[in-house]
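Here's the structure, in structure tokens; my notes come after.
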Amino acid sequence: DSYVKNIFDLYNPGDLVKVMVIKFDKEEKRLGFSLKASNFVDDDDSDDASLSDEASSSEEDSDEEEEEVKDALDERSDGEGDSDSDDENFVAKMAAKMEQAGDVHSDNDSESSDDSSADSDDDSESDEKSLEQRPEESLPQAMDANVGFDWGSTIKPTKITKLAESSDDESTDSSSDSSGDESEDEDAGFKSSHKARKKAAAKRREEEEISRREAALADGTADENPETAADFERLVASNPNSSEVWIKFMAFHLSLADIDSARNVANRAFDRIEFRQEGEKLNVWTALLTLELKYGTDKSLQETIDRASQHNNPKQVYLRVCEMLDKAVEAASSSVGSGDLEATTKRADDMFKNMCKKFKSKKTVWIAHFNYLLKGSRHEEAHALLKRSLQSLPPYKHVETMSKFAQMEFELGSPERGRTIFNALLENNPKRMDLLFVNIDKEVKNGDIDKARALFDSVVNPVSNDRKQKFKFKDKQMKSLFKKWYRMEEEHGDETTRERVREEARNFVAKSKSGQHQS
């Protein structure tokens, strides 16, 4: 009994239904029906029986109303020829209305809503007219006749009319569909043309790239700047002993985040490079060690160090690894807010200690450790390490080791400590002019020109110097000393200082000649 907005939600065209006649308009030749279920609560018979019972009950209630209904039905049966035609026309009309409403609703929802509202207005007006004509005591319960159909047409549509309406609807639908299809076709055509232009542009770019690569291969510039794996393969095939090419090939794979391929390239390089090219192989091993240090684990790094030590000089392998760790510590200390400085420093300390333990008789490893500690401003640890190195190294390596340590003190530590070490070395080795020259060079580089002049003067004029009895240089060595002194004065002195050097040289020559005549 609730309001039904769309009759198609309950019934389909062609369904047999049970209705109650609630109004009759003889002038307009209209009938009003009701499909409410409450009108048939006590009726359990079939549809045909219910229709006959309803007719008989209506006769008992109002003979006059039944008479009028029969007359109207007779008139309609005379004009239409058969009582079944009402049902047929009803079904056909319902189908046509459904088709029309469905098409219009699919094309434009607002039009279908307007049509349904108009139909409901017509039905409501006809209901009001019929209800006004009937007496109040014979009026049934108010019913909603708006069920989605137009029951108010006075003339039954013929087949020609229905065909015309359907053709109009189809033409309207076809026109709207065609216009929609045209717009869709235009959009599809625009999209397809846009895709075609993009494909054409991509093809042109590809052809240009191919032309550029062919030109680069023709003039040889492709070998200078390889860009693909094929370029690198061609380079390593033409120059298999070049470690630079192999390392660039590894860097190419690392730029693509393909670490395994970079390792495979390194292993291929070990097999392709000739065994006589030890330096080239060591370079590739260094690149592989760098890769493991940055992207690998401690276990993989140690395994790579062991493999490299089997195929190269173990001391050189450890020196390369320690150098890389030293740079890693510098990078971690220079970066602000780096949290891995402590871990990196500990890793480097362990590697340096392990190297000095393995090669304690090699001065190079100790010097590398000195340099690492002094760069980190760990001077006390460096001096303690110097004492340990002198205990482990043979005596003939002590002078060279202390000289290197003194030079590092000038550069990274305290120049005064460096002077003290050089003074001790010169006192113990008065004939080592190389030590004197190294000391002078460090003083000049440090900016102490006066101290460098004092060193020259202590050799040329030993009268007022404590070392007068210890410096014993030959005339040829003294000639080299004067030349070095004069070059220093040309660069850092003036005409007066240069004249003094010339005067000292003339006096030395005169003394040397007089000494030879006396002898």
**Asked** Just wondering, do Arg432 and Leu426 contact through their side chains at under 4.5 Å, heavy atoms?
**Response** no
**Prompt:** Mind checking what makes salt bridge (Lys or Arg N to Asp or Glu O under 4.0 Å) contact with Lys484, not counting sequence neighbours?
**Reply:** Asp441
**Request:** Go through the steps for Arg417 and Glu409 under the test salt bridge (charged side-chain N to carboxylate O under 4.0 Å, His left out), then give the verdict.
**Result:** CA-CA 7 Å; Arg417 287 196 295 265; Glu409 283 286 358; 3.4 Å; yes
**Request:** Begin from the C-alpha positions of Ile305 and Val321 and carry the test side-chain contact (heavy atoms from CB on, under 4.5 Å) through to its verdict.
**Result:** CA-CA 8 Å; Ile305 291 173; Val321 175; 4.0 Å; yes
**Message:** Lys387 vs Leu390, test: side-chain contact (heavy atoms from CB on, under 4.5 Å). Steps then yes/no.
**Reply:** CA-CA 5 Å; Lys387 296 178 181 179; Leu390 295 178; 5.9 Å; no
Under 3.5 Å, sequence neighbours excluded: what are the donor-acceptor pairs made by side chains of residues 355-362?
none

**Item:** Backbone N/O of Lys474 and side chain of Gln477: donor-acceptor pair under 3.5 Å
**Value:** yes
**Prompt:** What residues, two or more places apart in sequence or in another chain, satisfy side chain to side chain donor-acceptor pair (under 3.5 Å) together with Asn241?
**Reply:** none
**Message:** For the CD atom of Gln391 and the CG atom of Leu386, what is their distance to the nearest 0.5 Å?
**Reply:** 10.0 Å
Check residues 310-319 and write down every donor-acceptor pair under 3.5 Å in which the side-chain atom is one partner and the other belongs to a residue at least two apart or another chain.
residue, atom, partner, partner atom, Å
His311, ND1, Arg307, O, 2.9
Asn312, ND2, Ala308, O, 3.0
Asn313, OD1, Lys315, N, 3.2

**Asked** If every non-hydrogen atom of Glu292 is compared with every non-hydrogen atom of Ser300, which pair is closest and at what distance?
**Response** OE1-OG, 3.0 Å
**Request:** Please report the shortest heavy-atom distance between Gly493 and Arg453, naming the atom on each side.
**Result:** CA-NH2, 3.9 Å
**More than 12 heavy atoms of other groups within 6.0 Å of Glu244 CD** = no
**Item:** For the student: nearest non-hydrogen atoms of Ala237 and Arg272, plus distance
**Value:** CA-NH2, 4.0 Å
**Close side-chain approach of Val265 to Phe232, heavy-atom, < 4.5 Å** = no
**Prompt:** Ignoring hydrogens and geometry, is there a side-chain-to-backbone donor-acceptor pair from Thr286 to Leu282 under 3.5 Å?
**Reply:** yes
**Message:** Suppose we screen for salt bridge (Lys or Arg N to Asp or Glu O under 4.0 Å). Which residues come up paired with Lys327, at least two apart in sequence or across chains?
**Reply:** Glu323
**Asked** Got a donor-acceptor contact below 3.5 angstrom from the Ser392 side chain to the Ser389 backbone?
**Response** no
**Request:** Return the set of residues passing ring pair (Phe, Tyr, Trp, His ring centres under 6.0 Å) with Phe410 (not counting sequence neighbours), or none when no residue passes.
**Result:** none
**Item:** side-chain contact (heavy atoms from CB on, under 4.5 Å) between Glu233 and Val236, intermediate numbers included
**Value:** CA-CA 5 Å; Glu233 290 291 350; Val236 298; 4.0 Å; yes
**Prompt:** Below 4.5 Å, heavy atoms only, C-beta onward: do Glu280 and Trp246 meet side chain to side chain?
**Reply:** no
**Asked** Do NZ/NE/NH1/NH2 and the carboxylate oxygens of Glu503 and Arg506 come within less than 4.0 Å?
**Response** yes
**Asp326 side-chain N/O to Cys322 backbone N/O, donor-acceptor pair under 3.5 Å** = no
**Request:** Any chance you could lay out the side-chain contact (heavy atoms from CB on, under 4.5 Å) test for Lys404 and Phe370, step after step, and finish with the verdict?
**Result:** CA-CA 9 Å; Lys404 290 291 184 181; Phe370 298 154; 6.0 Å; no
**Item:** Salt-bridge contact Arg498-Asp494 (side-chain N to carboxylate O under 4.0 Å)
**Value:** no
**Asked** Of all residues at least two apart in sequence or in a different chain, which pass the salt bridge (Lys or Arg N to Asp or Glu O under 4.0 Å) check with Glu400?
**Response** none
**Prompt:** Under the 3.5 angstrom rule, does the side chain of Thr401 hit a backbone N or O of Lys397 as a donor-acceptor pair?
**Reply:** yes
**Request:** Go through the side-chain N and O atoms of His369 and Glu381 and say whether any donor and acceptor fall under 3.5 Å apart.
**Result:** no
**Asked** With Phe456, which residues qualify under ring pair (Phe, Tyr, Trp, His ring centres under 6.0 Å), at least two apart?
**Response** Trp485
**Request:** Might you point out which heavy atoms bring Phe270 and Val284 nearest each other, and give the distance in Å?
**Result:** CE2-CG1, 3.5 Å
**Request:** Would you name the heavy atoms of Ala348 and Tyr372 that are closest together and state the gap between them?
**Result:** CB-OH, 3.6 Å
**Message:** Tell me every residue that passes side chain to side chain donor-acceptor pair (under 3.5 Å) with Arg500, counting only those two or more places apart in sequence or in another chain.
**Reply:** Asp457
**Request:** Compute whether any side-chain donor of one residue and acceptor of the other, for Thr420 and Glu416, lie under 3.5 angstrom apart.
**Result:** no
**Basic-acidic side-chain contact under 4.0 Å: Lys281, Glu278** = no
**Message:** Within the 4.5 Å heavy-atom criterion, are Leu325 and Asp349 side-chain neighbours or not?
**Reply:** no
**Message:** Regarding Glu489 and Thr497, do their side chains bring together a donor and an acceptor under 3.5 Å, going by distance alone?
**Reply:** yes
**Glu491, CD atom: more than 12 neighbouring heavy atoms under 6.0 Å** = no
**Request:** Could you list the residues that satisfy salt bridge (Lys or Arg N to Asp or Glu O under 4.0 Å) with Arg320, not counting sequence neighbours?
**Result:** none
**Request:** Please assess Lys353 against Asp350 for the test salt bridge (charged side-chain N to carboxylate O under 4.0 Å, His left out), listing each intermediate value before the final yes or no.
**Result:** CA-CA 5 Å; Lys353 290 178 182 178; Asp350 294 341; 5.3 Å; no
**Asked** Lys299 versus Glu303: any side-chain heavy-atom pair under 4.5 Å?
**Response** yes
**Message:** Please check: side-chain N/O of Ser261 versus main-chain N/O of Asp258, any donor-acceptor pairing under 3.5 Å?
**Reply:** no
**Request:** Mark yes or no for whether Asn283, through its side chain, and Gly279, through its backbone, hold a donor-acceptor pair below 3.5 Å.
**Result:** yes
**Fill in**
Sequence neighbours excluded, the answer for side chain to side chain donor-acceptor pair (under 3.5 Å) partners of Ser242 is none
**Item:** Output field: ring centroids Trp366/Phe405 closer than 6.0 Å
**Value:** no
**Prompt:** Which atom names give the shortest non-hydrogen contact between Ser333 and Glu330, and what distance separates them?
**Reply:** OG-O, 2.8 Å
**Message:** Taking Glu342 first and then Lys346, would you say they form a salt bridge - that is, a charged N and a carboxylate O separated by under 4.0 Å?
**Reply:** no
**Asked** Can you check whether Ser403 reaches Leu425 side chain to side chain, under 4.5 Å on heavy atoms?
**Response** yes
**Prompt:** Quick one: side chain to side chain donor-acceptor pair (under 3.5 Å) partners of His398, sequence neighbours excluded?
**Reply:** none
**Asked** Would you say the side-chain atoms of Asn239 pair up with the backbone N or O of Leu235, donor to acceptor, closer than 3.5 Å?
**Response** no
**Polar side-chain atom of Asn446 near backbone of Lys442 as donor-acceptor pair, under 3.5 Å** = no
**Request:** Please examine the side chains of Phe422 and Val438, heavy atoms only from C-beta on, and report whether any two atoms are closer than 4.5 Å.
**Result:** yes
**Message:** Donor-acceptor pair, distance only, cut-off 3.5 Å: does the side chain of Asp448 make one with the backbone of Val444?
**Reply:** no
**Prompt:** Are Asp271 and Arg268 within salt-bridge range, i.e. N to O under 4.0 Å?
**Reply:** no
**Asked** Taking atom types as modelled and ignoring hydrogens, do the side chains of Asp231 and Thr228 form a donor-acceptor contact shorter than 3.5 angstrom?
**Response** yes
